Enquirer: 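One structure follows; several queries about it will come next.
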Amino acid sequence: LLHLRKKLPEVADFKNITWLQAHNPHIAGYVRTLGERKLFCLFNFSQEKSLLTWYIFRELGDKPSEIYDHWQERAFKIGKDSEYLAFEPY
């Protein structure tokens with residue numbers, strides 16, 4: 001986690017957090033912004049896999065086509081708003 005904090009400048013405390021509405025009681029999320037860069041931080045507090053609509057990444061008006069999971073070091077293509085990301089527990 002410290003490695004990610006050093007690697008990603010938007011994680012620094014610039015009072016740059018906007019909370020997201022995950023529409024799932026098991027998932028909390030926010031986005032940190034620094035200039036044009038955005039870092040979505042999502043947390044599944046369930047012990048099971050939870051579903052998260054792809055709309056969460058467009059909620060603030062952006063239209064990204066891909067996101068990168070810095071924890072698992074892999075990219076995801078963003079699906080339609082009616083489709084879901086199967087979000088594993090932390």
Side-chain angles (χ1 to χ4, degrees):
L1 195 54
L2 289 174
H3 171 72
L4 287 177
R5 187 174 176 94
K6 290 178 183 179
K7 177 181 165 186
L8 302 167
E10 51 275 275
V11 176
D13 190 12
F14 293 113
K15 298 183 182 2
N16 57 347
I17 291 178
T18 302
W19 287 95
L20 301 169
Q21 293 193 21
H23 303 284
N24 183 320
H26 302 291
I27 297 176
Y30 57 86
V31 62
R32 290 195 130 176
T33 307
L34 185 61
E36 296 295 315
R37 295 176 54 111
K38 293 190 181 210
L39 178 70
F40 289 87
C41 302
L42 299 166
F43 308 92
N44 180 0
F45 290 100
S46 171
Q47 293 180 358
E48 316 242 335
K49 186 185 308 184
S50 292
L51 296 179
L52 179 68
T53 178
W54 288 108
Y55 176 73
I56 196 167
F57 300 104
R58 296 185 186 98
E59 175 181 339
L60 300 176
D62 298 316
K63 297 190 185 213
S65 59
E66 186 176 272
I67 56 170
Y68 186 77
D69 182 338
H70 290 277
W71 192 258
Q72 296 180 0
E73 297 183 333
R74 63 185 250 203
F76 291 91
K77 297 267 186 217
I78 294 181
K80 298 176 184 175
D81 292 349
S82 60
E83 298 174 340
Y84 295 89
L85 167 66
F87 196 60
E88 299 291 336
Y90 176 66

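As the structure is a prediction and not an experimental result, all values here were calculated from the model. Counting from 1, the numbers follow the sequence of the chain as shown.
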Enquirer: If the condition is salt bridge (Lys or Arg N to Asp or Glu O under 4.0 Å), which residues does K77 pass it with, not counting sequence neighbours?
Expert: E66

Enquirer: With hydrophobic residues grouped by side-chain heavy-atom distances under 4.5 Å, do I17 and L8 end up in a single group?
Expert: no

Enquirer: Considering only residues two or more places apart or on different chains, which pairs with a residue in residues 18-37 satisfy salt bridge (charged side-chain N to carboxylate O under 4.0 Å, His left out)?
Expert: E10-R37

Enquirer: Could you work out, with side-chain contact (heavy atoms from CB on, under 4.5 Å) as the rule, every residue matching F76, not counting sequence neighbours?
Expert: W54, I67, D69, R74, L85

Enquirer: Taking only residues two or more places apart in sequence, or in another chain, which ones meet K80 in a side-chain contact (heavy atoms from CB on, under 4.5 Å)?
Expert: S82, E83

Enquirer: Hydrophobic clusters here meaning ILVMFWY residues chained together by side-chain heavy-atom distances under 4.5 Å, can you tell me if F40 and W19 are in one?
Expert: no

Enquirer: Enumerate donor-acceptor pairs with a distance under 3.5 Å from any side-chain N or O in residues 55-64 to protein atoms, sequence neighbours excluded.
Expert:
residue : atom : partner : partner atom : Å
R58     : NH1  : G79     : O            : 3.2
R58     : NH1  : D81     : OD1          : 2.5
R58     : NH2  : G79     : O            : 2.9
E59     : OE1  : Q21     : N            : 3.3
E59     : OE2  : Q21     : N            : 3.3
D62     : OD2  : K38     : NZ           : 2.9

Enquirer: State which residues pass side chain to side chain donor-acceptor pair (under 3.5 Å) with T53; sequence neighbours excluded, sorted by chain then number.
Expert: none

Enquirer: Find the distance between CG (L39) and CG (L34) and round it off to the nearest 0.5 Å.
Expert: 10.5 Å

Enquirer: Looking at CZ of F87 and CG of L42, how far apart are the two atoms once the value is rounded to the nearest 0.5 Å?
Expert: 5.0 Å

Enquirer: What pairs with N24 under side chain to side chain donor-acceptor pair (under 3.5 Å), at least two apart in sequence or on another chain?
Expert: none

Enquirer: When clusters are formed from ILVMFWY side-chain contacts under 4.5 Å, directly or step by step, what else is grouped with L51?
Expert: Y84

Enquirer: Which residues satisfy the side chain to side chain donor-acceptor pair (under 3.5 Å) test with E48, sequence neighbours excluded?
Expert: none

Enquirer: Please give me the minimum heavy-atom distance between P89 and Q47, naming the atom from each residue.
Expert: CG-O, 3.7 Å

Enquirer: With sequence neighbours left out, what residues match H23 under ring-ring contact (aromatic ring centres under 6.0 Å, His included)?
Expert: none

Enquirer: Could you work out, with salt bridge (Lys or Arg N to Asp or Glu O under 4.0 Å) as the rule, every residue matching E88, not counting sequence neighbours?
Expert: K49

